[in-house]
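Data first, discussion second: the structure below is written as structure tokens.
The chain is numbered in sequence order, starting from 1.
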Amino acid sequence: MAPNEKGPSYAWLDPSRLYCHREALKDCIEDLLQPFKNDQIDLVAGIDAMGFILGAAIASHLGKGFLAIRKVGHLCVKTCSQSYVDYSGKEKTMEVRTDAIKSGVRILLVDQWIETGGTMKAAIKLVEDQGGVVAGVATICIEDSAGGKWVREHYKSSDCVPEDVRSQFNEHFLESFHAFNDQQNNL
């Protein structure tokens with residue numbers, strides 16, 4: 001994973017290299033699905049935009065459909081919307097089509113990262129307001145923020161962060177960044 005090189009208006013880490021490596025992506029999906037292996041999942045929903053990649057891969061792996069939870073203004077059909085504050089402190093709105101979530105449908109919500117929890121809470125509200133059931137939450141990392149803790153306390157969840165390095169993720173600096181920076185300096 002690569003550290004932020006562009007400044008404070010960007011996320012602190014870019015985990016998208018994971019998606020480029022076939023075995024790493026496969027291992028990530030299998031790790032994320034481990035807690036849900038005996039659970040009923042009817043549909044996988046990914047959150048705009050990076051949650052689309054991981055969510056669609058998980059849906060394919062499970063042989064399930066995929067529902068995109070979009071940033072407002074991108075769907076040309078009837079939608080429900082929900083406002084939230086994202087990790088950068090910006091107020092945003094997301095939406096989901098109204099014809100995809102039937103009452104009782106069990107949905108696995110997928111995003112790339114939960115930093116403050118605002119985005120995931122909004123997605124949960126969208127699903128539940130339409131009668132869907134959140135079967136669980138899967139993401140590469142759920143930070144130990146108030147919002148991340150809330151998600152863990154209220155919903156079955158999984159991430160790929162080993163406990164021995166979780167504190168590094170919470171501090172927004174991985175020890176491996178030292179090697180990454182040294183490698184970049186030698187190019």
Residue pairs, two or more places apart or on separate chains, that pass salt bridge (charged side-chain N to carboxylate O under 4.0 Å, His left out) and touch residues 120-138: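 Checked against salt bridge (charged side-chain N to carboxylate O under 4.0 Å, His left out) - neighbours excluded - the pairs reaching residues 120-138 are Lys125-Asp129.
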Assigning hydrophobic clusters by single linkage (Ile, Leu, Val, Met, Phe, Trp, Tyr; side-chain heavy-atom cutoff under 4.5 Å), is [X] placed with [Y]?
{"X": "Phe36", "Y": "Leu62", "result": "yes"}
{"X": "Leu18", "Y": "Met50", "result": "yes"}
{"X": "Val44", "Y": "Leu32", "result": "yes"}
{"X": "Ile140", "Y": "Val151", "result": "no"}
{"X": "Leu33", "Y": "Leu54", "result": "yes"}

Check against side chain to side chain contact (heavy atoms under 4.5 Å, CB included), Glu30 and Gln34: CA-CA 6 Å; Glu30 289 173 0; Gln34 184 63 32; over 6 Å; no
Within this structure, what is the [atom1]-[atom2] distance for the pair [X] and [Y], rounded to the nearest 0.5 Å?
{"X": "Ile107", "Y": "Gln130", "atom1": "CD1", "atom2": "CD", "result": "8.0 Å"}
{"X": "Arg106", "Y": "Gln40", "atom1": "CZ", "atom2": "CD", "result": "6.0 Å"}
{"X": "Ile101", "Y": "Leu43", "atom1": "CD1", "atom2": "CG", "result": "7.0 Å"}
{"X": "Ser157", "Y": "Met120", "atom1": "OG", "atom2": "CE", "result": "9.5 Å"}
{"X": "Asp27", "Y": "Ile29", "atom1": "CG", "atom2": "CD1", "result": "9.5 Å"}
{"X": "Gln112", "Y": "Ile47", "atom1": "CD", "atom2": "CD1", "result": "11.5 Å"}

Test: Asp159 and Arg166 ion pair at under 4.0 Å: yes
Lys149/Glu153 salt bridge by N-O under 4.0 Å criterion: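 No, no charged N to carboxylate O under 4.0 Å.
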Any Pro35 side-chain heavy atom under 4.5 Å of Lys156 side chain: yes
Heavy-atom side-chain proximity of Ile69 to Leu109 below 4.5 angstrom: yes
Residues 70-80, side-chain donor-acceptor partners within the protein, below 3.5 Å, at least two apart:
| unit_1 | atom_1 | unit_2 | atom_2 | d |
| --- | --- | --- | --- | --- |
| Arg70 | NE | Asp48 | OD2 | 3.2 |
| Thr79 | OG1 | Glu95 | OE1 | 3.0 |

Side chain to side chain contact (heavy atoms under 4.5 Å, CB included) assessment of Val137 paired with Ile114: CA-CA 10 Å; Val137 172; Ile114 295 177; 3.8 Å; yes
Counting N and O atoms only, with roles assigned by atom type, does the side chain of [X] sit under 3.5 Å from a partner on the main chain of [Y], one being a donor and the other an acceptor?
{"X": "His154", "Y": "Trp150", "answer": "yes"}
{"X": "Lys102", "Y": "Asp99", "answer": "yes"}
{"X": "Thr116", "Y": "Gly147", "answer": "no"}
{"X": "Thr139", "Y": "Ile142", "answer": "no"}
{"X": "Lys90", "Y": "Val85", "answer": "no"}

Pair Glu143, Tyr87: side-chain N/O donor-acceptor within cut-off below 3.5 Å: no
Side-chain donor-acceptor contact under 3.5 Å, Thr93 with Ser81: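 Side chains of Thr93 and Ser81: no pair found under 3.5 Å.
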Distance-minimising heavy-atom pair for Ala122 and Ser83: CB-O, 4.3 Å
Nearest atoms (heavy-atom pairs only) where Ala68 meets Phe52: CB-CE2, 3.7 Å
Arg97/Leu67 under side chain to side chain contact (heavy atoms under 4.5 Å, CB included): CA gap, chis, key distance, verdict: CA-CA 9 Å; Arg97 57 186 311 130; Leu67 173 65; 4.0 Å; yes
Those residues that, when tested against Asp42, pass salt bridge (charged side-chain N to carboxylate O under 4.0 Å, His left out) (two or more places apart):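 For Asp42, no residue satisfies salt bridge (charged side-chain N to carboxylate O under 4.0 Å, His left out) once neighbours in sequence are set aside.
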